Amino acid sequence: MNSFGIDNVITEKATVELMDIANGIKVTFSGDIDVQNPEPIFVPFFEQIHNKVIETNIKYVELDFSKLTFLNSSGIKTLIKWITKVTPLPPDKKYRFKIIANSEITWQETSLKMLSMLAPGLIEIQIK
Amino acid sequence: MELFKNVKNGFIEMIFGPRWTYIATVRTFLQNFLAITLADNKWADVISMAASELLENAVKYASDEGTKISIEHIKDENKLYLHVENFSTQENIKVLLSEVEKINKGDPQEVYLMKMQEAALRTDGGSQLGLARIRYESNATIKVDIDGDLVKVSVIFDLK
């Protein structure tokens, strides 16, 4: 459990866990996200996190994809929707993302790098 | 048994569904099979991702039973051809042709970024990111052939 009181997302093939870390919060993705319509599962989850992050004035969100083996383009869209919620915020409400990618999973380096281009200056990528 | 002698090029063909539940199975099979036959995990990952995205489109936009996926590895050219065929409506075919034209015309990274920005605003459950993602991640050529309501999407990977 996390201090936000937000339940983790557990589907048949994927788990998305939210946890507190010293300088913010961490969201850990594992398994395969390849459902036909991931929006009803992930968009409300990401929205809850986004709202709580703003409410509690947290400035750092870590997204760890290193254990996520597959993410379809509909899943990418749910992340895009989250990230593009941050870009129009006033400077005092904005928060930063750090994306952790696994160099052994080919799509991560390419697809996750592109996410940083959606919000220049707000996303840092670490490739392990 | 002549069929199994003198095999010059690799070839796989599967016909199913369309059913969403087969997609992950096909993707995993292709990833494992291509990792061995091409002896290259990165290409195996990219091609299986592309196959998965094309099959998702085939299932989402199918108007009738039947989805065919085939892969041909032309060793002399060092090229791999991935084809996905399915039946669709004329309305969907029109959208597909226009999307492929846009995707092939621009720089792969710029087009993908533009499609991502558009996806953020979409509320219809679709992302329309799959083809742009394939092109960006593989630099492959995407082709569409239409025969009535039969759609054949081909992705040509230059493995050099």
Side-chain angles (χ1 to χ4, degrees), chain A residues 11-14 31-44 46-47 50 65-66 68-89 97 99 101-120 122-123 127, chain B residues 18-28 30-31 34-35 40-62 108-139:
Chain A
T11 69
E12 197 186 334
K13 294 168 73 180
D32 284 348
I33 295 178
D34 60 1
V35 289
Q36 187 160 2
N37 187 6
E39 283 194 51
I41 304 166
F42 294 105
V43 169
F46 296 152
E47 269 177 7
H50 171 78
F65 294 95
S66 58
L68 188 72
T69 44
F70 188 75
L71 176 64
N72 64 7
S73 52
S74 304
I76 292 174
K77 181 185 164 192
T78 64
L79 290 166
I80 294 169
K81 281 189 172 276
W82 182 4
I83 289 164
T84 52
K85 273 182 177 293
V86 183
T87 44
L89 291 173
F97 290 96
I99 288 177
N102 183 341
S103 63
E104 289 180 6
I105 303 172
T106 308
W107 64 264
Q108 290 205 357
E109 221 170 303
T110 44
S111 281
L112 298 176
K113 254 185 200 166
M114 281 302 288
L115 288 176
S116 68
M117 297 181 79
L118 281 173
L122 285 184
I123 303 179
I127 299 167
Chain B
R19 301 280 183 279
W20 195 268
T21 49
Y22 292 120
I23 298 172
T25 306
V26 174
R27 181 178 69 241
T28 307
L30 289 178
Q31 194 169 21
L34 294 170
D40 187 322
N41 284 334
K42 283 201 183 290
W43 272 119
D45 283 354
V46 169
I47 295 160
S48 58
M49 176 280 293
S52 192
E53 292 287 357
L54 292 187
L55 288 172
E56 287 194 12
N57 285 348
V59 172
K60 276 184 203 165
Y61 302 111
Q109 183 172 298
E110 280 172 20
V111 172
Y112 190 34
L113 185 60
M114 185 190 75
K115 298 301 292 180
M116 285 173 109
Q117 285 159 341
E118 284 174 14
L121 305 172
R122 290 177 69 100
T123 53
D124 57 1
S127 74
Q128 286 206 349
L129 282 175
L131 294 171
R133 181 190 190 189
I134 293 170
R135 182 146 156 74
Y136 165 68
E137 293 204 15
S138 66
N139 213 19

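As the structure is a computational prediction, the values presented were derived from the model and not from experiment. Below, read A as the first sequence line, B as the second, and so on, with proteins coming before strands; counting in each chain starts at 1.
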Could you tell me which portion of Glu39(A) (side chain, backbone, both or neither) has an atom closer than 4.5 angstrom to a non-hydrogen atom of chain B? side chain
Only pairs of heavy atoms separated by less than 4.5 Å count here; which of Asp32(A), Thr84(A), Asn37(A), Asp34(A) has the most with chain B? Asp34(A)
Between the OG atom in Ser66(A) and the CD atom in Glu104(A), the distance rounded to the nearest 0.5 Å is 10.5 Å
Need one label for Leu115(A): side chain, backbone, both or neither, based on atoms under 4.5 Å from any heavy atom in chain B. both
Validation row, ring centre Trp82(A) to ring centre Phe42(A) under 6.0 Å: no
Decide, yes or no, whether a salt bridge links Glu47(A) with Lys81(A) under the criterion of side-chain N to carboxylate O below 4.0 Å. no
Below 4.5 Å from any heavy atom of chain B, which atoms of Ser103(A) appear? Answer side chain, backbone, both or neither. backbone
Among the options Met49(B), Gln117(B), Arg122(B), pick out the one with the most heavy-atom pairs lying under 4.5 Å from chain A. Arg122(B)
Show your reasoning for whether side-chain contact (heavy atoms from CB on, under 4.5 Å) applies to Met116(B) and Met117(A). CA-CA 10 Å; Met116(B) 285 173 109; Met117(A) 297 181 79; over 6 Å; no
Under 4.5 Å from any heavy atom of chain A, what part of Gln128(B) do you find: side chain, backbone, both or neither? neither
Measuring heavy-atom distances to chain A, does Arg27(B) have an atom under 4.5 Å in its side chain, in its backbone, in both, or in neither? side chain
What part of Lys85(A) is in contact with chain B, defined as an atom under 4.5 angstrom from a non-hydrogen atom: side chain, backbone, both or neither? neither
Between the side chains of Asn72(A) and Glu56(B), is a donor N or O closer than 3.5 angstrom to an acceptor N or O? yes
Turns out that what part of Val35(A) lies under 4.5 Å from chain B's heavy atoms comes down to backbone
Does the side chain of Trp43(B) reach to within under 4.5 Å of the side chain of Leu34(B), using non-hydrogen atoms? no
State, with a plain yes or no, whether a side-chain heavy atom of Tyr136(B) is found less than 4.5 Å away from one of Thr110(A). yes
